[in-house]
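Report on the following structure.
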Amino acid sequence: MKRSPKRPVQQVELLEPQLFAVSEPARPYDARALAPTGAQLPGATREQAVSVESLTTLAKSVLEGAFSPLWIRGEISNFTAHRNGHWYFNLRGATSMIRCVLWSRDQRRIPALPEDGMQVVALGQLTVYAQRGDLQCTVSALDAVGDGLWRKALAESTERLRADGLLEPSRKRPLPRLPRRVAVITSPDGAALHDIIVVMRRRCPTVEIVLVPAKVQGDGAPADLIRAIACVGRWGDVDTVIIGRGGGAREDLWAFNSEAVARALAGCAIPTISAVGHEVDITLCDLVADHRAATPSAAAEAAVPVLADARAEAAAMLLSLRSALVRQVQRRRDRVAHAARDLRSGLERDGERRRARVGAIAGRLNALSPLATLARGYAVARDASGATLGSVEDFAPARDFDLLLRDGVVRATTRSVHPTEGDET
Amino acid sequence: MSYETDLARIEDIVEELEQSEIPLDDALRLFEEGVERLRTAQAALMQAEARVRKLIEDSDGGFSLADFES
């Protein structure tokens with residue numbers, strides 16, 4: 001039974017050397033140094049029998065000395081969140097199992113309750129649970145393999161936000177095209193603020209940037225972000241709010257996955273842009289904001305137009321305003337011209353009608369005219385005054401009269417007058 | 001939001017002028033209103049370069065802006 005305290009560690013080291021970069025046990029078993037021969041060790045003889053308490057205490061001491069906290073892979077089973085606040089569960093391998101406890105004070109860093117069957121890695125200190133003599137692992141950190149726990153926490157929060165209607169696309173408000181002022185909720189010394197200032201300055205330097213400093217990672221970051229959002233809401237003298245931070249580890253971005261922060265952001269009276277981390281990072285804040293920008297620079301691009309473009313747009317609007325007015329006048333002018341044309345052609349048509357009518361009347365008149373009779377070879381006798389001489393009684397011997405013919409007048413003199421026989425009354 | 005409303009109104013005016021035949025007096029009035037609003041909107045685009053500021057909440061609940069050295 002003479003064993004170096006290092007041996008169990010070295011044995012494991014052969015299997016998974018990367019786990020044991022620091023493998024020097026902190027507390028070697030002192031008793032052996034004091035007792036060079038087996039005979040003198042406590043419990044070596046019946047007379048020297050040790051108490052159960054001594055044994056478990058010794059075992060605990062040896063185990064804790066031999067193993068530094070290490071990451072263990074396994075599957076969760078029999079998970080219990082005890083009402084004393086601590087979590088109890090087993091970590092299972094294919095053929096073996098170890099009991100685990102996770103104290104309530106260490107649960108804060110774990111985003112969601114683990115579930116039975118979940119594959120996890122746990123950072124644990126191997127120890128002995130003296131009351132039962134069980135091998136036990138005191139877990140201080142735990143994560144599902146493949147981000148499962150973070151995803152689970154996010155999924156649960158997302159579901160609650162959705163149930164409350166906070167993810168409705170209809171809630172998304174348009175961003176002002178040209179804000180006077182943009183508030184930026186972020187860390188005063190982060191890369192995000194720098195990027196936002198650079199991009200906004202380049203695009204539209206006339207827009208005022210107002211920093212609203214907030215803690216964006218670590219303990220207290222969610223509460224500070226909520227305070228900053230509320231502060232902007234009370235102030236209100238701003239057109240757009242950007243909230244965000246630069247890229248970082250998932251834990252560093254986690255404040256933006258806080259459901260409370262997301263709810264505060266959703267309640268912000270001013271249109272919001274969320275810009276957290278890089279393109280791949282999507283947080284709850286991104287989901288509830290009016291606009292999700294992939295990066296802080298993209299947020300700045302969404303917040304303000306390129307000044308030159310906006311000026312060109314305004315100039316173009318003046319042009320279209322002018323041409324719209326010109327068209328109004330043009331339409332009127334066209335209409336007048338059209339009316340004039342109509343009138344003229346109407347008049348012309350009218351003239352033709354008149355002419356045609358005059359022609360017809362003339363024709364009829366002509367037909368009635370005695371001249372037409374003359375044309376057929378008759379003659380009319382008239383006196384010097386032009387009165388028609390229609391009866392023999394109008395004639396007197398030796399009196400002059402005119403004979404009107406088709407093509408001229410014949411001066412004539414009456415020789416004698418002979419009324420028709422039997423025509424007398 | 002005044003830039004917004006100005007631009008939206010100008011767009012409405014342009015549309016109204018283009019779509020419908022309206023009395024000339026009204027058309028001129030609309031045009032003048034459009035030009036006036038455009039002048040306001042353009043003024044917003046011609047402002048001097050703004051500084052970066054920092055929001056400070058005073059103890060009495062009021063707010064003030066301080067220059068921020070970036």
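Reminder, nothing fancy here: chain letters follow the sequence lines and each chain counts from 1.
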Does any heavy atom of chain A fall under 4.5 Å from the side chain of B:Ala44, the backbone, both, or neither of them?
both
So, the part of B:Leu28 with a heavy atom under 4.5 Å from chain A: the answer is both
With a 4.5 Å heavy-atom cut-off (strictly below), which parts of residues 215-238 of chain A touch chain B? List them by number.
A:Cys231, A:Arg234, A:Trp235
Does any backbone or side-chain atom of A:Pro213 lie under 4.5 Å from a heavy atom of chain B? Answer side chain, backbone, both or neither.
side chain
Does the distance from a Lys or Arg side-chain N to an Asp or Glu carboxylate O, for B:Glu18 and A:Arg322, drop under 4.0 Å?
no
Could you pull out the closest heavy-atom pair between B:Leu17 and A:Ala324, with the gap in Å?
CB-CB, 3.5 Å
Which atoms of B:Leu38 are under 4.5 Å from chain A, going by heavy atoms: the side chain, the backbone, both sets, or neither?
side chain
Per-residue tally against chain B (heavy atom, under 4.5 Å) across A:Arg332, A:Arg335, A:Glu313 peaks at A:Arg332
Applying a criterion of heavy atom separation less than 4.5 Å, what residues of residues 57-66 of chain B form contacts with chain A?
B:Glu57, B:Phe63, B:Leu65
Side chain to side chain, B:Lys54 and A:Val212, heavy atoms closer than 4.5 Å
no
Minimum heavy-atom distance between B:Val52 and A:Arg201, given as atom pair plus value:
CG2-NH2, 3.5 Å
Residue B:Leu7 versus chain A: region with a heavy atom under 4.5 Å:
both
Walk me through it: do B:Arg51 and A:Ile209 pass the test side-chain contact (heavy atoms from CB on, under 4.5 Å)?
CA-CA 7 Å; B:Arg51 298 167 128 177; A:Ile209 303 168; over 6 Å; no
Under 3.5 Å donor-acceptor, A:Arg311 side chain and B:Leu45 backbone:
yes
Using a strict threshold of under 4.0 Å (side-chain N to carboxylate O), is an ion pair present between A:Glu208 and B:Arg53?
yes
Would you list the atom pairs, donor with acceptor, under 3.5 Å between side chains in residues 187-194 of chain A and any protein atom, with sequence neighbours excluded?
| from | atom 1 | to | atom 2 | distance (Å) |
| --- | --- | --- | --- | --- |
| A:Ser187 | OG | A:Asp189 | N | 3.3 |
| A:Ser187 | OG | A:Asp189 | OD1 | 2.9 |

Chain A contact via B:Glu11 - which portion, at a heavy-atom distance below 4.5 Å:
both
Using a heavy-atom distance cut-off of less than 4.5 Å, which residues of residues 257-273 of chain A contact chain B?
none
What's the separation between atom SG in A:Cys204 and atom CD in B:Gln47, rounded to the nearest 0.5 Å?
9.0 Å
Under 4.5 Å heavy-atom distance to chain B, tell me which part of A:Arg327 shows up: side chain, backbone, both or neither.
side chain
Using 0.5 Å steps for rounding, measure from the CG atom of B:Leu24 to the CG atom of A:Leu325.
7.5 Å
At a 4.5 Å cut-off on heavy atoms, which part of A:Val210 comes close to chain B: side chain, backbone, both, or neither?
both
Sort A:Arg181 into side chain, backbone, both or neither according to what part of it lies under 4.5 angstrom from a heavy atom of chain B.
side chain
Strictly distance-based, threshold 3.5 Å: is any side-chain N or O of B:Glu49 a donor or acceptor partner for the main-chain N or O of A:Thr206?
no
Count the heavy atoms belonging to other residues, nucleotides or ligands that lie under 6.0 Å from NZ of A:Lys172, then report whether that count exceeds 12.
yes
